[in-house]
Amino acid sequence: MQTSTVQIQQDPARYRVLTGDRPTGPLHLGHYFGTLQNRVCLQQLGVELFLVIADYQVLTDRDTADRPAERAEDLVLDYLAAGVDPERATIFTHSAVPALNQLLLPFLSLVSVAELQRNPTVKDEIAHSQQNSVSGLMFTYPVHQAADILFCKANLVPVGQDQLPHLETTRTIARRFNDRYATTVFPTPEALLSDAPLLLGTDGGKMSKSRGNAIALGADTDQTAQMIRGAKTDTERRISYDPEQRPEVSSLLLLGALCEGLQPQDVAEEIGDGGSATLKRRVTEAVNEYLRPIRARRAELAADRAHLRAVLRAGNERANAVADVTLAEVREVMGMR
Ligand code: TRP
């Protein structure tokens, strides 16, 4: 089921949004246009925002997390730079909210091993994992994600297509919990799918921090120019928007268009026979112009790590208060008080 922007605009107070990211490195333009911008937009509409920094989830496909505390602060930095208002949003880490994690136990009792094994996104993650054995955490992380969402009774979850199976697990768990304990403790949250088309990395593959093909929000203008100059294109001089036949050129057009507030077809039209060099110059200019205020804010915030830590501390406190109340309710309906 889908919730529309119009519904949200009409009654923003009805919605509580939870979404989040794994702290595995700096956020890039794919994150920005795919979800960050939308989060800020929801917040500006008056929707309450919870952002989980999924530090435990990092452990699903690797043995240890690399400098988790620092990475968490870096995510806070990117969130704030993108325009998330920490006065109104609750930004927290998994690991700092014990009651959230305790929800995992009753939730695990509500799903079968077969259901966990069927999850297509988990299967995909396992296929791409660098490890030769699959951890128990990997199989259970959709249930963990249900705890992330349900601890604060979020009813709207902005996610990408790949996260839909997890949201389905969350919905199943919410319904089964309510049924089994004859209660209405949990809402059945809905997905909010981004309508932003997918941006490719500069090599034409999936944009990803680990593949070195992504322009980080915090990259400087020279690094941005260099990345775009090296981007894969094709040899046809006439620039056209054709995502099927010309994915690389089209992705650059899309990026430029998103930054300039235009349609990619119109940018293509204006470039005409200018070829890849003109396209790249234009996109570089557009990206650097668009990111200028975000990067300026980011640089200012980056100079004050104590502030980032304070934002996280306040978010963790608030998330704990909310999680404690939910866990108490859960224990009450389970007769475990
Ligand atoms: N699994 C998400 C990702 O890999 C991150 C995440 C963790 C999340 N908990 C969440 C997203 C809850 C939405 C809701 O990007």
Side-chain angles (χ1 to χ4, degrees), residues 3 15-28 30-36 38-39 42 47-62 65 68 71-72 74-76 78-79 84 89-97 100-101 103-104 107 116 119-129 135 137-174 186-194 196 198 206-211 214 315-316 319 322-323 326:
T3 302
Y15 297 97
R16 177 176 275 183
V17 160
L18 180 130
T19 187
D21 304 276
R22 304 178 202 194
T24 51
L27 297 182
H28 53 63
H31 294 116
Y32 183 80
F33 287 111
T35 149
L36 280 180
N38 189 43
R39 296 177 193 174
L42 286 166
V47 174
E48 189 180 8
L49 203 60
F50 278 73
L51 296 179
V52 59
I53 297 176
D55 52 357
Y56 275 145
Q57 203 192 310
V58 174
L59 298 175
T60 53
D61 63 358
R62 55 199 87 190
R71 300 252 188 208
D74 289 342
L75 264 193
V76 177
D78 280 333
Y79 291 163
V84 171
T90 303
I91 306 173
F92 66 99
T93 53
H94 258 159
S95 63
V97 187
L100 180 162
N101 293 292
L103 290 175
L104 196 56
F107 286 2
L116 293 175
N119 184 303
T121 301
V122 172
K123 282 193 195 162
D124 195 57
E125 300 249 351
I126 289 170
H128 285 98
S129 149
S135 72
L137 195 62
M138 174 70 100
F139 271 115
T140 53
Y141 98 76
V143 184
H144 204 166
Q145 200 152 313
D148 297 343
I149 295 167
L150 294 176
F151 94 91
C152 67
K153 303 188 182 179
N155 53 7
L156 198 59
V157 185
V159 282
Q161 200 79 32
D162 66 315
Q163 299 289 308
L164 285 181
H166 303 343
L167 196 70
E168 220 29 68
T169 302
T170 302
R171 292 163 59 85
T172 303
I173 288 172
F186 293 116
T188 313
E190 282 174 21
L192 185 64
L193 272 180
S194 155
L198 210 61
K206 179 180 183 252
M207 195 187 285
S208 157
K209 33 198 169 192
S210 60
R211 299 184 194 192
N316 285 338
V322 172
T326 303

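All residue numbers refer to positions in the sequence shown, counting from 1. Just so you know, ligand 1 is whichever comes first in the structure, and atom 1 is the first atom listed for that ligand.
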> Hey, which residues fall under 4.0 Å of ligand 1 on heavy atoms?
Replying inline: Leu18, Thr19, Gly20, Arg22, Val52, Ala54, Gln57, Gln145, Asp148, Ile149, Val157, Val159, Gln163
Side-chain ([X]) to main-chain ([Y]) donor-acceptor, under 3.5 angstrom:
X: Asp55; Y: Ser95; answer: yes
X: Asn316; Y: Thr93; answer: yes
X: Thr169; Y: Val143; answer: no
X: Thr121; Y: Pro165; answer: no
X: Asn101; Y: Val97; answer: yes

>> Under the rule for side-chain contact (heavy atoms from CB on, under 4.5 Å), what residues qualify as partners of Thr60, not counting sequence neighbours?
In response: Arg22, Gln57, Leu137, Met138, Tyr141
